[in-house]
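Worksheet: the structure to be examined is printed underneath.
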Amino acid sequence: MAEPARWWLMKTEPAVFGLADLRRLGVAPWDGVRNYQARNFMRAMRLGDRVFIYHSNASPSGIAGLATVARTAYPDHTAWDPSNEHFDAKSAPSAPRWDMVDLRFDAALPRFLPLALLRETSDLADLPLFTHVRLSVQPVPEPEAAVIRRLAGLPR
DNA sequence: GCCAACGTTGGC
DNA sequence: GCCAACGTTGGC
């Protein structure tokens with residue numbers, strides 16, 4: 001029997017690549033992550049895991065939608081491309097340093113959840129969103145994920 | 001645009 | 001291994 005899907009939160013700047021872009025593409029690689037902790041969380045993702053898409057540097061910032069892991073971690077080739085904004089000379093095809101996953105658009109939240117609302121929800125205070133504010137890929141424990149789903153007006 | 005928080009780099 | 005300098009994230 002398959003293990004239950006786990007929940008994650010991934011940040012993105014909507015002006016660069018937002019939920020609307022993911023919706024338009026259907027499935028898209030989540031490239032450009034250049035932080036080891038975030039990379040390691042992506043490596044831990046399993047097919048079918050669920051992802052809250054968080055819009056950062058937005059007005060307002062907050063959780064906008066849902067996605068599903070459609071392909072597990074594989075090398076992020078944009079790190080090898082000198083013309084790419086996320087180029088990293090220390091990564092090479094023979095020894096990839098950075099990984100990405102593919103996400104499939106799932107849904108926009110029935111209710112967008114602005115950061116201010118998340119912050120004032122005491123049941124969410126332990127989320128890495130608040131304790132590790134710069135972490136762009138982070139796990140969301142099931143109790144917190146349930147709180148977020150309820151706040152967002154999603155069916156349980 | 002400002003700036004606090006914090007991850008990374010590199011000199012020693 | 002320490003830590004100052006630097007660059008980036010991300011809220012406001």
Side-chain angles (χ1 to χ4, degrees), chain A residues 6-25 28-45 49-69 72-141 143-145 147-154:
Chain A
R6 292 171 300 182
W7 289 83
W8 305 90
L9 181 145
M10 298 175 87
K11 298 181 187 176
T12 188
E13 299 189 33
V16 178
F17 187 93
L19 188 70
D21 299 292
L22 184 60
R23 167 185 265 155
R24 179 169 43 80
L25 295 172
W30 206 261
D31 62 320
V33 173
R34 298 292 181 267
N35 169 283
Y36 291 105
Q37 205 178 353
R39 179 202 66 183
N40 292 343
F41 282 131
M42 284 198 295
R43 286 181 174 174
M45 290 178 179
D49 278 359
R50 311 296 303 283
V51 180
F52 293 112
I53 301 298
Y54 177 92
H55 282 169
S56 59
N57 272 316
S59 44
S61 294
I63 302 176
L66 287 183
T68 300
V69 175
T72 55
Y74 62 105
D76 181 347
H77 56 79
T78 66
W80 311 329
D81 174 4
S83 69
N84 191 281
E85 134 181 56
H86 301 294
F87 173 68
D88 179 1
K90 291 173 181 165
S91 187
S94 57
R97 172 173 297 210
W98 303 112
D99 280 3
M100 57 189 177
V101 296
D102 286 356
L103 294 188
R104 175 183 303 109
F105 175 83
D106 206 341
L109 295 190
R111 282 196 292 274
F112 175 83
L113 298 177
L115 179 59
L117 173 65
L118 299 171
R119 183 176 276 140
E120 71 192 21
T121 304
S122 56
D123 286 345
L124 301 178
D126 291 338
L127 281 184
L129 190 62
F130 305 114
T131 61
H132 298 81
V133 294
R134 296 180 53 182
L135 186 61
S136 63
V137 179
Q138 48 186 267
V140 180
E144 282 87 346
V147 170
I148 294 170
R149 296 196 300 270
R150 179 172 49 74
L151 288 174
L154 286 164

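Below, chains carry the letters A, B, ... as their sequence lines are ordered, and counting in each starts from 1.
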Are A:R50 and A:D106 close enough for a salt bridge, meaning some N to O gap below 4.0 Å?
yes
Touch check for A:F130, heavy atoms < 4.0 angstrom, all strands: base, sugar-phosphate only, or nothing?
nothing
Residue from A:R6, A:R104, A:R43 passing salt bridge (Lys or Arg N to Asp or Glu O under 4.0 Å) with A:D49:
A:R6
Go through DNA chain C in 5' to 3' direction and return only the first and the last nucleotide with some atom under 4.0 Å of chain A's heavy atoms.
C:dG7 to C:dC12
Nearest-nucleotide comparison on DNA chain B, the residue closer to the 5′ end among A:N57 and A:Y36:
A:N57
Check the side chains of A:T78 and A:D76 for a donor-acceptor pair under 3.5 angstrom, ignoring hydrogens and angles.
yes
Under 3.5 Å, is there a donor on one side chain and an acceptor on the other for A:S136 and A:R34?
no
Which residue, A:L135, A:I63, A:N57, A:L129, forms the side-chain contact (heavy atoms from CB on, under 4.5 Å) with A:K11?
A:L129
